[in-house]
Amino acid sequence: MLITDAVVINQEEIIPGFFRMTMSAGEVAKNARPGQFLHVRCADALDPLLRRPVSIHAVDREKGEVALFYRVAGRGTALLAAREKGDRINILGPLGRGFTRPESSGKVSVAAGGIGIAPLYFLLQELSLINTYANVFLGAATKKQLFFSSEIEALGHSVFPATDDGTAGYHGTVVELFTQNLSDTVYGCGPAGMLKSLCRILEQYKIRGEVSLEERMGCGVGACLSCACKTVSAGENYRYSRVCVEGPVFPAGEVVWA
Ligand SMILES: Cc1cc2nc3c(=O)[nH]c(=O)nc-3n(C[C@H](O)[C@H](O)[C@H](O)COP(=O)(O)OP(=O)(O)OC[C@H]3O[C@@H](n4cnc5c(N)ncnc54)[C@H](O)[C@@H]3O)c2cc1C
Ligand code: FES
């Protein structure tokens, strides 16, 4: 873990309100693992005081570059979106526990809901480096929010889109589409409702899965307990895990959904 000033190389608004920002951050690029996140100081001023957690979206180790893909949700992310090429951004990370590698054989899938593709894209980059190609179930409210289909296909993976309004691909949810194309391992990220129904399917069909969770965070390093979520592991009692340290990626069967 490292506190450093990254330099913005590029800030691109992919569709209104959704930005991909590339930064020069050599040490982070070298050490980052898919599923980890950065705790980002969105402004130079003390307001907002708290950093904001954002997943590591893509890494170019040769160039020492790291990309974030984020939605403007409030004040912190709006300030982040105002950063320009050449600006310095203070980041803490890489933080948290990421995705584990799939077994060497078996079919691998990725299920992403909307902005949930953010950390999964980095996972897909790493999977293609080990010649593991996934079925990628990309879900969104509507066609224009199906992000990075062509980049994902360029990595060698197969994309299966699903939209709530039927404007592209399967007309329905990404979990319904995955259920029609089950695999041995699945990695998921997206809204809580989507992950809850994905975990239910994984339990029903005894499929190995990991999901990346989001909770509001304070410190990002395990000290303040603001990010606790209820978990359970086989044969144990319920407990509270810190999403920033024990997560954000959890085995699907360990998450206790409300
Ligand atoms: C591990 C982790 C990784 C994340 N990765 C990404 C990412 O790659 N891209 C991305 O767009 N967002 C990501 N998020 C969510 C992002 O951190 C929040 O959108 C951001 O902190 C909002 O800050 P804000 O100041 O803009 O909005 P605020 O004014 O703080 O909040 C605006 C709205 O967003 C909600 N919100 C704030 N923080 C969270 C949170 N952590 N989870 C869910 N809802 C929240 C608030 O309840 C409120 O409704 C991640 C969150 C976590 C915990
Ligand atoms: S954010 Fe402080 S313990 Fe997780």
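The structure presented is a predicted model; accordingly, all values stated were derived computationally and were not measured. When a ligand or atom number is given, it counts from 1 through the structure's own listing order.
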Evaluate Thr142 against Thr167 for side chain to side chain donor-acceptor pair (under 3.5 Å), listing each step before the verdict. CA-CA 6 Å; Thr142 191; Thr167 44; 3.2 Å; yes
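- For atom 4 (Fe) of ligand 2, protein N, O or S atoms under 2.8 Å: 2 in total.
- Checked options Val108, Leu202, Val110; the residue passing with Val186 is Leu202 (criterion: side-chain contact (heavy atoms from CB on, under 4.5 Å)).
- Aromatic pair Phe148/Phe69: ring centres closer than 6.0 Å.
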Start with the C-alpha gap between Glu65 and Ile9, add the side-chain angles, then the distance that decides, and say whether side chain to side chain contact (heavy atoms under 4.5 Å, CB included) holds. CA-CA 9 Å; Glu65 292 176 4; Ile9 295 173; 3.4 Å; yes
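- Screening Leu68, Leu92, Leu95 for a side-chain contact (heavy atoms from CB on, under 4.5 Å) with Leu38, the sole residue that qualifies is Leu68.
- No donor-acceptor distance shorter than 3.5 angstrom exists from the side chain of Arg41 to the backbone of Arg51, with no hydrogens or angles considered.
- The same ILVMFWY cluster, assembled from side-chain heavy atoms under 4.5 Å apart, contains both Leu155 and Tyr187.
- Taking a heavy-atom cut-off of under 4.0 Å, ligand 1 is surrounded by Phe37, Arg52, Pro53, Val54, Ser55, Phe69, Tyr70, Arg71, Ala73, Gly74, Arg75, Gly76, Thr77, Ile115, Ala118, Glu214, Glu215, Arg216, Met217, Pro248.
- Here OH of Tyr70 is found 4.0 Å from CG of Leu80. Values are rounded to the nearest 0.5 Å.
- With rounding to the nearest 0.5 Å, the separation of CD1 in Ile117 from OG in Ser55 is 11.0 Å.
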